[in-house]
Structures are given as C-alpha cells and as structure tokens.
Amino acid sequence: MMLLFDTTVSVVVESDQNHIKSATFLSENFEVGPGKIVVKTLLDIEFPRGHIGVKSFDVEVVDEDGNSVPLYETYLHHWFAVKYIENITMSQYIKQSHDLRNGIEFERNDGACQGFLLPHYWGLGAESRGTSSNLPDPFAVELGNPTKIKHGFKEKWLFSIMVIDTRGTQDRKGCTECRCKLMHLPNDFYNVTTGINGQLLSRNYKGGLFCCQDNITTGINGQLLPRNYKGGLFCCQDNVQCKLRNGFRGPTRKLSLRYKIKWVDWDEQQVPLKFYILDSTDRVRSNGSTPIHDCQAEYKIPRNHDNDIPHVKKANIPMTKGGYLIYGTAHMHTGVVNVTLYGQDGRVLCTSNPKYGTGKEAGNEKGYLVGMSVCYPKPGSIMIEDGEILTLESVYENKFRTGALGHFYIYLADQIPNKYLKEI
C-alpha cells in the first residue's frame with residue numbers, strides 16, 4: 001500500500017494479488033437546495049497517474065459526511081468523465097480562469113457522433129450504483145502512454161455533471177425529465193435558446209437535455225431551438241429552479257462525487273480496448289461513401305393513447321472500425337424496458353435490461369432506474385466486422401416523457417489472446 005499525498009483528499013491505493021490497484025477520490029463539492037439544478041464542469045479531477053490500464057470507474061453522489069444520497073432527494077441526471085490534454089505552460093492560467101478556449105485539446109472516445117457530442121470515456125446517471133463497469137482480464141482502457149501524448153502537453157480529466165435536487169418540487173418525476181413548464185426559466189428563453197436542429201425552442205417543449213445546461217443559451221449545434229421543444233437538457237440550466245410546492249422550505253447542503261477507479265500498470269500482458277458510444281437518435285446519412293452521424297442525444301416520447309405498445313426508437317449505425325465485443329451496457333432513464341444492439345445479420349449482440357428500485361435506501365430507490373445489466377460475451381465469440389451496420393433499438397414504456405436517452409456503450413478489442421480463440 002502507498003499514499004498519494006498530492007490529492008485533494010488523502011487516498012490510499014490498494015493492490016490485490018492480480019496487481020489491480022484501486023483508489024477512492026472525492027470531487028470538489030457543489031451546493032444544492034430544494035429544486036435547484038446544478039450543471040458543472042469540474043476540471044483536473046484526481047486520477048491515477050502513469051501509463052496504466054483502467055479496469056473500472058464507479059461514481060455516486062455523497063453528502064459532506066460521506067453518506068450516499070438517495071435519488072429522490074438529489075437526482076444524478078448524468079456524470080461524464082472527459083479526457084483532455086493541457087498545454088503545460090498554460091496550466092496555471094487555465095486553473096485560475098477556467099478559460100478552456102486556449103491551451104486545451106479534448107480527446108473524445110471512438111464513437112462517431114458529430115462534434116463534441118457524447119465525448120466521454122465513462123459516464124452514467126441514476127443507474128450508476130447498480131451498473132457494473134468492470135472490464136475482464138486481460139482487457140483495459142489504456143491511458144497515459146507517453147508516446148501518444150503531444151510534446152509539451154499533459155493528460156488530464158474533467159467531470160461534466162448535472163444533478164437535480166427534487167426536495168419539495170411540484171412534480172419530482174417531471175423535474176428529473178427537465179420539463180420546461182416545471183422550471184423557472186428566463187422570460188425570453190424561447191427567443192434566444194437554440195437546439196440541435198438549428199431552430200428556436202417550441203413552447204411545447206416540456207423537458208430533456210435542452211433544459212439542462214450550464215449557463216448557455218444555444219443548443220448542441222449552436223442553433224436556435226424549435227418552438228415545440230417541451231423539455232430536455234436545455235431547460236435544466238445551472239442554477240435554474242424546479243418549481244416547488246407552496247410554502248416548502250428546506251436547507252441547502254454541499255455534495256460531491258465519490259468515485260472509485262481500479263487500474264493496472266500497463267505491460268505487454270494487457271489488451272487495449274476502444275470505447276464507443278452509440279445513440280439510438282443517430283440520424284445517419286452519407287456524404288458519398290462517408291457516413292455522417294447526426295446524433296440528437298435525447299428524444300421525446302409522446303403518449304400513444306390508442307394502445308399500450310412500448311415506444312421503440314431505432315438507429316442503423318455503420319461501424320467504420322469493428323472488433324471483438326468485450327463489454328456492453330446502456331445509459332438510459334426511468335421508464336426504459338430494454339435496449340438491444342443487433343448485428344447486420346439480425347443476431348443479438350447484447351441486450352441491456354433495467355433494474356428498478358423497491359425500497360428507500362440509496363441504490364434501491366423505489367420507482368427509480370437503479371441499474372442496467374451488462375453483457376460480458378466470451379472473449380472472441382462476438383466479432384463486429386469493419387463497415388458492419390449495427391441496429392440499436394431502445395424501448396420505453398408507452399408514457400409521455402421528455403429527455404429520454406438511448407445511449408449504448410461498447411468496448412471492442414482489435415485482437416484476442418490465442419488461448420481464448422482456441423476455446424471457441
């Protein structure tokens with residue numbers, strides 16, 4: 001065992017007999033109050049250093065005493081861990097000013113969504129506590145390779161987070177879905193806020209990604225949002241309040257993310273993985289032979305009063321580069337029935353099923369999505385070919401909801417150790 005003395009919190013690094021090390025960290029804190037939405041970027045978070053292979057990354061929200069905070073008090077909409085490299089000569093300026101326009105280059109995952117949409121390497125939401133992030137041996141996410149970091153730069157990580165304190169809110173469920181009519185939004189919100197498709201937000205927009213943003217007034221593509229936008233990220237801006245019940249009063253408190261990372265020192269025994277985020281809203285089109293991925297990140301589910309058939313969202317996504325499937329799971333919201341990834345020939349590659357809470361304790365909150373199942377196919381048994389067109393199908397209950405997600409996470413390996421291939 002050894003101590004890391006330069007972390008913000010004193011952390012003990014433990015190593016087991018398989019040489020897997022683990023450490024638990026605390027992020028800087030953030031203040032919440034009844035109905036308050038917090039959207040923050042936490043720069044330069046503590047992270048294991050050196051040339052390593054990350055085996056797992058788990059996160060939860062805790063209070064000042066280290067107690068787990070239940071979702072019905074503070075809802076963890078999402079946390080994303082994003083990699084960037086920082087110009088060493090600019091580090092002090094960036095730390096003091098939080099100005100990310102100069103001296104920083106973001107390095108997104110291997111997913112194909114446009115621009116900087118869904119760029120993270122790890123990230124979930126309310127389902128974090130109940131979703132395994134463990135990668136089986138000998139597979140890991142390679143980080144800190146000095147030969148792959150630009151000269152004069154240092155590899156760093158940030159958290160992009162959104163939490164929603166729902167204590168005392170008029171509509172707890174609607175607040176977690178970022179429905180615009182449940183928020184105290186600026187009077188000119190629909191006149192200045194733009195969305196993915198470049199249109200003004202509609203006053204019918206009730207909730208979703210576009211209602212949850214950090215002091216911005218433009219959508220993902222910098223264009224005005226459509227006037228029928230009913231809810232989503234852009235209606236949950238930092239410091240915006242969900243409407244409270246008349247007369248409700250409650251204390252503010254300081255919370256933080258507690259995160260545990262497991263890793264190994266990199267050596268020739270490790271097999272590197274590539275990480276892809278697939279989105280069921282991806283409206284793929286082509287520019288000649290080049291696919292253009294038009295991901296929407298979230299979507300609205302209208303209530304179909306004619307039947308109770310679940311709502312299905314599908315996307316056909318070409319994989320420029322394939323590989324062996326090692327891990328698969330989904331990042332979803334409450335109401336999900338299941339999510340399935342299919343191969344081009346219709347074979348099921350992975351189905352991720354939800355787990356809903358039945359109690360009051362953190363991690364088992366009744367009615368909330370508290371976990372998604374994970375696929376661990378036998379290494380070498382599922383191969384995605386280069387250029388193969390995958391179909392992602394996300395299924396929700398037939399109920400009106402805003403800000404629905406359909407994100408599927410897969411880890412692929414270019415090569416598999418021979419011992420696994422011989423067993424197949």
Heavy-atom count around Lys314 NZ within 6.0 Å, excluding the residue itself: above 12? no
I need the minimum non-hydrogen distance between Val271 and Ala413, along with the two atoms involved. CG1-CB, 4.4 Å
Is Glu73 salt-bridged to Lys36, cutoff N-O under 4.0 Å? no
Give me the one residue out of Lys55, Gln270, Gln269 that meets side chain to side chain donor-acceptor pair (under 3.5 Å) with Asp137. Lys55
Donor-acceptor pairs are to be reported for all side-chain atoms of residues 316-324 against protein atoms at under 3.5 Å, with residues two or more places apart or in another chain.
{"residue": "Asn316", "atom": "OD1", "partner": "Thr391", "partner atom": "OG1", "Å": "2.8"}
{"residue": "Lys321", "atom": "NZ", "partner": "Asp414", "partner atom": "OD1", "Å": "3.3"}

I'd like to know if Lys154 pairs up with Glu86 as an ion pair, taking the criterion as any Lys NZ or Arg NE/NH1/NH2 lying under 4.0 Å from an Asp or Glu carboxylate oxygen. no
Without hydrogens or angle criteria, can the side chains of Gln296 and Asp294 be said to hold a donor-acceptor pair below 3.5 Å? yes
Just do the ring pair (Phe, Tyr, Trp, His ring centres under 6.0 Å) check on His77 and His333 with the steps written out, would you? CA-CA 9 Å; His77 185 280; His333 280 174; 4.8 Å; yes
So, Arg258 and Glu60, do they make that salt bridge, N to O below 4.0 Å? yes
Please report the closest heavy-atom contact between Asn353 and Thr351, naming both atoms and the distance. OD1-CG2, 3.7 Å
Least distance between heavy atoms, Glu107 atom then Tyr121 atom: O-CE1, 3.2 Å
Does a side-chain N-to-carboxylate-O contact under 4.0 Å join Asp171 and Lys243? no
Does this structure show an ion pair linking Arg129 with Asp58, if we count only N-O contacts that are shorter than 4.0 Å? no
To the nearest 0.5 Å, atom NE2 of His19 lies from atom CH2 of Trp263 at 14.5 Å
Does this structure show an ion pair linking Arg49 with Glu155, if we count only N-O contacts that are shorter than 4.0 Å? no
Within 6.0 angstrom of Glu31 CD, more than 12 heavy atoms from elsewhere: yes
Does the ring of Tyr411 carry Lys274 above it, NZ/CZ under 6.0 angstrom from centre and within 45° of its axis? no
Polar side chain donor-acceptor pair, Asn398 to His311, under 3.5 angstrom: no
What heavy-atom pair brings Asp306 and Asn304 nearest, and what distance separates the two atoms? N-OD1, 3.0 Å
For residues Phe25 and Glu46, report the shortest heavy-atom separation together with the two atoms involved. CD2-CB, 3.5 Å
Under 3.5 Å: donor-acceptor pair, side chain of Tyr376, backbone of Leu135: no
How are the rings of Trp79 and Phe159 set to each other: parallel, tilted or perpendicular (split at 30° and 60°)? perpendicular
Before you tell me yes or no, could you show the steps for His78 and Phe80 under ring pair (Phe, Tyr, Trp, His ring centres under 6.0 Å), namely the whole-Å CA-CA distance, both residues' side-chain angles and the distance that decides it to 0.1 Å? CA-CA 7 Å; His78 68 259; Phe80 296 152; 4.6 Å; yes
Could you grab the distance from atom CG of Leu369 to atom CG of Leu124, nearest 0.5 Å is fine? 9.5 Å
Give the minimum heavy-atom separation between Thr281 and Ala297, together with the two atoms involved. OG1-N, 3.1 Å
Partner set under ring pair (Phe, Tyr, Trp, His ring centres under 6.0 Å) for Tyr276, not counting sequence neighbours: none
Lys173 NZ: over 12 foreign heavy atoms closer than 6.0 Å: yes
Just by distance, do the side chain of Tyr84 and the backbone of Asp44 share a donor-acceptor pair under 3.5 Å? yes
Set out, in order, the CA-CA distance, both residues' side-chain angles and the distance that settles ring pair (Phe, Tyr, Trp, His ring centres under 6.0 Å) for Tyr356 and Tyr368, then state yes or no. CA-CA 6 Å; Tyr356 287 97; Tyr368 285 85; 9.5 Å; no
Is it true that Glu127 and Lys355 have a side-chain N and a carboxylate O under 4.0 angstrom from each other? no
Please, which pairs that meet salt bridge (charged side-chain N to carboxylate O under 4.0 Å, His left out) have at least one residue in residues 323-338, sequence neighbours excluded? none
